[in-house]
Protein chains: 2
Amino acid sequence: MIAQGGVGTHHRPGENKFGKFNVYTYICVVKLEQAIQSTKFKSEVQKAGLNILYTAWWLKTVISKELKEFGLTHEQYNVLRILKGKYPEQMCVRDIACRMIEKSSNVPRIIDRLELKKLVKRSTSAIDKRETVITLTQGGISILDASTVMVNNITDEMLAITEKDAGHLNQLLEKVRTTEKNIVP
Amino acid sequence: MIAQGGVGTHHRPGENKFGKFNVYTYICVVKLEQAIQSTKFKSEVQKAGLNILYTAWWLKTVISKELKEFGLTHEQYNVLRILKGKYPEQMCVRDIACRMIEKSSNVPRIIDRLELKKLVKRSTSAIDKRETVITLTQGGISILDASTVMVNNITDEMLAITEKDAGHLNQLLEKVRTTEKNIVP
DNA sequence: AATAAATAGATGTATATACACGTAAAAATA
DNA sequence: TATTTTTACGTGTATATACATCTATTTATT
């Protein structure tokens, strides 16, 4: 074997053994084996782990691409949606953080950007001066309403499964997250 | 309603209607309703979308926490694992990118960090000088072997489902990703 | 009441993501 | 062969993630 420079991994451009595609627009592939170019999984459980991660990425990517039309990121959209859930009540940063899908999201910083775009307003709570309360602006509501219609449509269109299958999927995912370790300390 | 300062969203610290918890160590909650503090979903399909995103975040977070012990991020681990799949063959950046779970990962930059830690080596392919070929070092192999044992154990421990259930889950996730839109252009 | 502990949220840092663009090299075409 | 197109991949930017730390408050304890 050649040490310096190596043998390389020569192949036809834009192709692999599963066919022709482009890495960066690679959200159309259905089979996990094709998506991550791997056919040998230790077990169905191990494969399920990868499948969950890949499906989440796929879903998030498609929705994010659509949200660009509204100048929103997926996370910014999520914050607006949470605020709408309580509207016209205001919410403090902590309450928003609790409702985020990705719990480690840095909500103050996401709100920074929403505030710059004048989609929300920040003010200090009169009751607890530590709290920052966030209010949706009219602009925020408009953008949210328009984008929500789109996101709901896309989700229904993308997730091409029946309500029954979806119910079953939900059961399995809850089961997946149920382990002895999952006890709130 | 008070405009300036607002009404606030007063509540007992560290509590919500579902019980006591901490947002930042909030990876122990099982029920989606509890996790994102929402009980009303438009449909099972809409709920499945959120469930997939939340479960992926949950899985990724737990594995990432464990990988910290080895000084690796989830993405760096993924790159090492992909390289191991071909070892002792080398791989070019594009081939690694194709196999990533998250296709939009910026592989050159992940490799930057692996190279700094001397877990991989970069060199230019002799066959195609555009290509950078990546080689696992002995250090990379050692860390990967140790961390793989851990990740596999954690995955099996966390994903507390039977092989049969996992198989069914895999089928449903493939079904989820199968839409008319999913045709390679 | 005085002090200690806990909480809310802003902020700093390293890494990753998403995307655009530049450069060098290879492949395709004229 | 000369020119154009495509490809590989490095790099720049804005945003997000993951985590730690700091300050101002509030709550709990003494």
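Labels below follow one simple rule: chain letters A, B, ... track the order of the sequence lines, proteins then strands, and each chain is numbered from 1.
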Does a nitrogen or oxygen in the side chain of [X] sit under 4.0 Å from OP1 or OP2 of [N]?
X        : N      : answer
B:Thr73  : C:dT15 : no
A:Thr132 : C:dA8  : no
A:Lys65  : C:dC19 : yes
B:Arg130 : C:dA24 : no
B:Lys129 : D:dC9  : no

Can you run down the ring pair (Phe, Tyr, Trp, His ring centres under 6.0 Å) pairs that involve residues 150-175 of chain B, sequence neighbours left out, and say none if there aren't any?
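Non-adjacent pairs meeting ring pair (Phe, Tyr, Trp, His ring centres under 6.0 Å): A:His168-B:His168.
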What pairs meet the ring pair (Phe, Tyr, Trp, His ring centres under 6.0 Å) rule with one or both residues in residues 126-156 of chain B, with sequence neighbours excluded?
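Listed by first then second residue: nothing to list.
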Does the pair B:Arg177 and A:Thr55 meet the rule for a side-chain hydrogen bond (donor to acceptor under 3.5 Å, both in side chains), with working shown?
CA-CA 7 Å; B:Arg177 294 199 307 273; A:Thr55 307; 2.7 Å; yes
List in chain and number order the residues that pass salt bridge (Lys or Arg N to Asp or Glu O under 4.0 Å) with A:Lys60, two or more places apart in sequence or in another chain; answer none if no residue qualifies.
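Testing A:Lys60 for salt bridge (Lys or Arg N to Asp or Glu O under 4.0 Å), a comparison that skips the adjacent residues, returns A:Glu75, A:Glu102.
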Suppose we screen for salt bridge (Lys or Arg N to Asp or Glu O under 4.0 Å). Which residues come up paired with A:Lys84, at least two apart in sequence or across chains?
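For A:Lys84 the salt bridge (Lys or Arg N to Asp or Glu O under 4.0 Å) partners, ignoring immediate neighbours, are A:Asp145.
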Which nucleotide in the list [options] gets nearest to the side chain of [X]?
X        : options                : value
A:Ile110 : C:dT11, D:dT26, D:dT17 : D:dT17
B:Ser105 : D:dG10, C:dT17, C:dG9  : C:dT17
A:Pro108 : C:dT11, D:dG10, C:dT17 : C:dT11
A:Glu75  : D:dT17, C:dA16, D:dC9  : D:dT17

Rounded to whole angstroms, how far apart are [atom1] on [X] and [atom2] on [N]?
X        : N      : atom1 : atom2 : answer
A:Ile127 : C:dT7  : CD1   : P     : 19 Å
A:Trp57  : C:dT17 : CH2   : C1'   : 11 Å
B:Arg94  : C:dA24 : CZ    : P     : 22 Å
A:Asp128 : D:dA24 : CG    : P     : 15 Å
B:Ile101 : C:dT17 : CD1   : P     : 11 Å
B:Ile111 : C:dA16 : CD1   : P     : 11 Å
B:Glu115 : D:dC9  : CD    : P     : 14 Å
A:Glu131 : C:dA10 : CD    : P     : 11 Å

Under 3.5 Å, which protein N or O atoms sit close to an N or O of nucleotides 12-14 of chain D? Give each pair with its distance.
from	atom 1	to	atom 2	distance (Å)
D:dG12	N7	B:Arg109	NH1	3.1
D:dG12	O6	B:Arg109	NH2	2.6
D:dT13	O4	B:Arg109	NH2	3.0

Both A:Arg122 and A:Lys68 contact DNA chain C. Taking the nearest nucleotide for each, which residue is further toward the 5' end?
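So the residue in question is A:Arg122.
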Let's go through A:Met150 and A:Phe70 carefully: what are the C-alpha distance in whole Å and the side-chain angles of both, what is the deciding distance for side chain to side chain contact (heavy atoms under 4.5 Å, CB included) to 0.1 Å, and is it a yes or a no?
CA-CA 10 Å; A:Met150 185 277 292; A:Phe70 301 92; 3.6 Å; yes
Side-chain donor-acceptor pairs of residues 108-116 of chain B under 3.5 Å, sequence neighbours excluded:
from	atom 1	to	atom 2	distance (Å)
B:Asp112	OD1	B:Arg122	NH1	3.0
B:Asp112	OD1	B:Arg122	NH2	3.0
B:Glu115	OE1	B:Arg122	NH1	2.7

Tell me which of A:Met100 and B:Asp112 sits closer to the 5' end of DNA chain D, going by the nucleotide each one is nearest to.
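Closer to the 5' end of DNA chain D: B:Asp112.
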Begin with the C-alpha distance, continue with both residues' side-chain angles, and end with the deciding distance and a verdict on salt bridge (Lys or Arg N to Asp or Glu O under 4.0 Å) for A:Lys47 and A:Glu33.
CA-CA 10 Å; A:Lys47 182 177 172 183; A:Glu33 283 81 357; 2.9 Å; yes
